[in-house]
Amino acid sequence: MSTSWNHVRYDSPADRVGRITLARPEAANAQNYLMLSELNEAFDVAAKDESVHCIVLAADGKHFSSGHDLSDLDPDMDALNTIGTQCHFDADGAEGYMAREAEMYVGLCWRWRNIPKPTIASVQGKVIAGGLMLVWPMDLIVCSEEATFSDPVVAFGVNGHEYFTHPYEAGARLAKEMLFTGRAITADEALRAGMVNKVVPRDELESATTEMAAHIAKRPMFGLTLAKQSVNNALDAMGMYTALQSAFGLHHVGHSHNRLKHGSLVDPEGISVIRSEA
Ligand code: ZN
């Protein structure tokens with residue numbers, strides 16, 4: 001099966017494996033709402049295809065994803081296939097934008113995290129801020145040696161990106177260092193922290209990911225589903241969902257503070273701070 005969207009592709013690189021590819025390399029796979037909505041549709045295709053036992057999320061180009069497309073945060077929500085019960089997307093004050101982020105960021109990421117099939121992120125180049133929101137909801141992560149991971153948005157006056165699972169992904173100390181300093185951690189650091197499963201040379205990334213996916217996909221679907229849900233349930237028992245929602249509320253305290261103080265969602269000096277350290 002092959003289905004095409006504007007910013008996402010779908011194919012099957014191996015038996016029982018469905019692969020979704022971010023296809024906006026000219027913008028370093030920056031995520032606008034359309035890309036996220038298409039990505040959600042592609043996950044649905046893979047999730048509902050009974051022949052698919054494992055889903056790969058890959059990306060075209062040099063970088064996996066540079067994060068959210070900050071030039072495109074106010075699209076017409078009626079044009080998108082929303083999946084949650086959020087509404088009032090155009091309301092004044094904090095209401096409308098919080099609903100947008102609850103739908104398009106936290107809502108979609110949590111939905112993908114709970115797809116009842118194994119998912120693998122195949123990652124190269126830079127993963128910045130919102131880029132982590134596509135990587136972390138996946139079950140396994142294979143990355144290339146030069147891949148780096150960062151969430152520098154504390155410079156914008158918020159706590160971090162919206163899918164705030166940092167302590168669960170990187171451990172509390174490394175999570176705090178990433179957030180406080182904005183520093184990009186290397187693939188090797190990510191491996192040592194248990195944040196990724198495997199690091200391979202760039203030219204072996206596709207084959208290594210496909211090989212892992214094909215290996216997993218030989219197992220019975222329901223066994224994989226039960227294994228995934230059991231691990232996710234353990235994370236939930238450790239408070240993952242509650243912590244995520246708590247951090248999302250604090251994230252919007254940051255946005256509201258910035259609006260009151262600077263008249264914008266983010267501290268306008270943040271970009272110069274981040275660029276000066278790049
Ligand atoms: Zn935000």
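FYI, side chains are in, hydrogens and waters are out, and symmetry mates aren't considered; it's all heavy atoms of this structure. We count ligands from 1, going down the list as the structure has it; atoms in each ligand are counted the same way.
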Sequence neighbours excluded, every pair satisfying ring-ring contact (aromatic ring centres under 6.0 Å, His included) that has a member inside residues 112-136: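 The answer is Phe43-Trp112, Trp136-His161, Trp136-His166.
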No-hydrogen, no-angle side-chain donor-acceptor test under 3.5 Å, Asn81 and Ser37: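 Not at all, the side chains of Asn81 and Ser37 share no donor-acceptor pair under 3.5 Å.
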Salt bridge flag under 4.0 Å for residues Asp60 and Arg9: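 Yes.
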Salt-bridge contact Asp44-Arg111 (side-chain N to carboxylate O under 4.0 Å):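 Result for this pair is yes, salt bridge flagged.
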side-chain hydrogen bond (donor to acceptor under 3.5 Å, both in side chains) contacts in which one or both residues fall within residues 241-251, not counting sequence neighbours: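 Every side-chain hydrogen bond (donor to acceptor under 3.5 Å, both in side chains) pair that includes a residue of residues 241-251, provided the two are not neighbours, is Glu101-His251, Asn159-His251, Glu162-His251, Tyr241-Gln245, His251-His255.
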The Zn ion (ligand 1): protein N, O or S atoms that are less than 2.8 Å away, sorted by chain: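 For the Zn ion (ligand 1), the protein N, O and S atoms that sit under 2.8 Å away are Glu101 OE1, Glu101 OE2, Glu162 OE2, His251 NE2, His255 NE2.
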Which residues share a ring pair (Phe, Tyr, Trp, His ring centres under 6.0 Å) with His63, sequence neighbours left out: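 Here no residue qualifies.
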